[in-house]
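Okay, so here's the structure we're looking at.
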Amino acid sequence: MDARRLYRDMLVARRIDEEAIALQRQGALPGYAPSKGQEAAQVGSAAALDPTRDFAFPTYRDLGAAVAMGVDLVGYLSTHLGTWHGGMYDPVASRFAPFNAVVGGPVTHAVGWAMGAKLDGTGGAAITYFGDGASSQGDVHEAMNFAGVYRLPVVFFCQNNGWAISVPTDRQVAGGSVAKRAEGYGIEGVRVDGNDVRAVYEATRQALRSGEPVVIEAMTYRMGPHSTSDDPGRYRSLAEEQAWAERDPLRRAARELTETELNEAEAHADEVTRQVREGLLALGDRPGEELFDFVYREPTTALLEQKRAWKEASDV
């Protein structure tokens, strides 16, 4: 995998992340879940996917994966505006499902997709993202067990960023390792340095191509707050944050590039950020009649009557 592409995508993710926080502070976004510090885990894993046959199932904190998979970022961030449920990008074309705000929610969806892929014989695999906190959800355990029983092609990608909101990993993950849980379901578990983009890429590539269920635990750190309404200073120390800042995944990836390549990546990230900011701020309200258009595959008589009444009222 090209080191320049990996770094470029990580830098775009970092810049868009910073811009989203600024837009929230300015009142342009209602809320946002930052991903600073987790760019290597997200970009490295998503870059390993084969876009012709694999599919990703993200959480609300996987901007880096969206960048690496070429998702329309204005459409992606529109979800935070509530402009359209699930975003305004095409999940089928991008192979990137609408991100899921339910803790552990994407995991069962990915397993269902993986079952379909196995039955269809496409050779594709699913990857599902979740955090160390979500790993304690019942849905995650049921999904791993199901995948283990049916030997489904799905990668359970846990970004262990040290904190389940304000609860440290050692207080909510028995045994201290999500990867070790895989053994209980008869599947492989791998722990990888989540701040090493190349290590993440290679571990994910091997897992995807194995055709078997695999748990990957990427050890990383959420450098910012859990969300824009969170104050991490209330539950973790400045010394801890500074220690992890020294392990910034972008600094690590930058060591492989020349000064010219770094400058080119900066210029590219600045331009992408500008386009996303302008595109997001230019989004207007969606037509009100869409409230009736996507309720049922075949609209009922009552729904059509409601739509007609709404249009008549709005034309007054």
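Model, not experiment: these values are computed from the prediction.
Using a 4.0 Å cut-off between charged nitrogen and carboxylate oxygen, Arg4 and Glu256 do not count as a salt-bridge pair. Between Asp293 and Arg286, no side-chain nitrogen of the basic residue sits less than 4.0 Å from a carboxylate oxygen of the acidic one, so the salt-bridge criterion is not met. In summary, Asp193 and Arg252 engage in a salt bridge, as defined by a charged side-chain N under 4.0 Å from a carboxylate O.
Residues Val197 and Leu262 share a single hydrophobic cluster, defined by chaining ILVMFWY side chains whose heavy atoms lie under 4.5 Å apart. Under a hydrophobic clustering in which Ile, Leu, Val, Met, Phe, Trp and Tyr are joined whenever their side-chain heavy atoms come within less than 4.5 Å, directly or via other members, Ile187 and Val214 fall into different clusters.
Among Arg277, Glu278, Glu271, the one residue that satisfies the side chain to side chain donor-acceptor pair (under 3.5 Å) test with Gln275 is Glu271.
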Given the rule in the side chain to side chain donor-acceptor pair (under 3.5 Å) test, do Thr59 and Asp62 qualify, once you have shown the distances and angles that lead to the verdict?
CA-CA 6 Å; Thr59 72; Asp62 291 311; 2.8 Å; yes

Passes salt bridge (Lys or Arg N to Asp or Glu O under 4.0 Å), Asp248 versus Arg14? Steps please.
CA-CA 11 Å; Asp248 188 327; Arg14 176 70 61 88; 3.0 Å; yes

Passes side chain to side chain contact (heavy atoms under 4.5 Å, CB included), Arg236 versus Arg222? Steps please.
CA-CA 11 Å; Arg236 67 188 191 192; Arg222 167 170 54 81; 3.9 Å; yes

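In this structure, Phe57 and Tyr129 have side chains that are not in contact, with every pair of non-hydrogen atoms separated by 4.5 Å or more. By the 4.5 Å heavy-atom criterion applied to side chains, Asp50 and Arg209 are counted as neighbours. Pro225 has its side chain within reach of Pro34: a pair of non-hydrogen atoms, C-beta onward, lies under 4.5 Å apart. Here the side chains of Leu49 and Ile127 are in contact, with some heavy-atom distance below 4.5 Å. Proximity of Leu304 to Thr300: side-chain heavy atoms (C-beta onward) are nowhere separated by under 4.5 Å. In this structure, the side chains of Val192 and Ile216 come closer than 4.5 Å at one or more pairs of heavy atoms. Using a 4.5 Å heavy-atom cutoff, the side chains of Arg191 and Lys180 are not in contact. Side-chain atoms of Ser45 and Tyr201, non-hydrogen and from C-beta on, never get closer than 4.5 Å to each other.
Checked against salt bridge (Lys or Arg N to Asp or Glu O under 4.0 Å), Asp139 has no partners two or more places apart in sequence or in another chain.
Between Glu202 and Gln206, the side chains place a donor N or O and an acceptor N or O closer than 3.5 Å (distance only, hydrogens not considered). Checked by atom type, the side-chain pair Arg234/Ser166 shows no donor-acceptor distance below 3.5 Å. Between the side chains of Gln159 and Asp132, not a single donor N or O lies within less than 3.5 Å of an accepting N or O.
Across every non-hydrogen atom of Tyr76 and Val71, the tightest pair is CB-CG1, 4.2 Å. Taking each heavy atom of Ala134 and Val140 in turn, the nearest pair found is O-CG2, 3.2 Å. For Glu217 against Asn160, the heavy-atom pair with the smallest separation is OE2-ND2, 2.9 Å.
Classification of the Trp113-Phe55 ring pair by plane angle, with boundaries at 30° and 60°, yields tilted.
Taken to the nearest 0.5 Å, the OH atom of Tyr7 stands 14.0 Å off from the CG atom of Asp2. Taken to the nearest 0.5 Å, the CG atom of Asn161 stands 10.5 Å off from the OG atom of Ser35.
When hydrophobic side chains of Ile, Leu, Val, Met, Phe, Trp and Tyr are connected at separations under 4.5 Å, Trp244 ends up clustered with Trp163, Tyr221, Met223, Tyr235. Applying the under-4.5 Å side-chain rule to Ile, Leu, Val, Met, Phe, Trp and Tyr, the cluster around Val102 consists of that residue alone.
Between Tyr185 and Phe146, the ring centre distance reaches or exceeds 6.0 Å.
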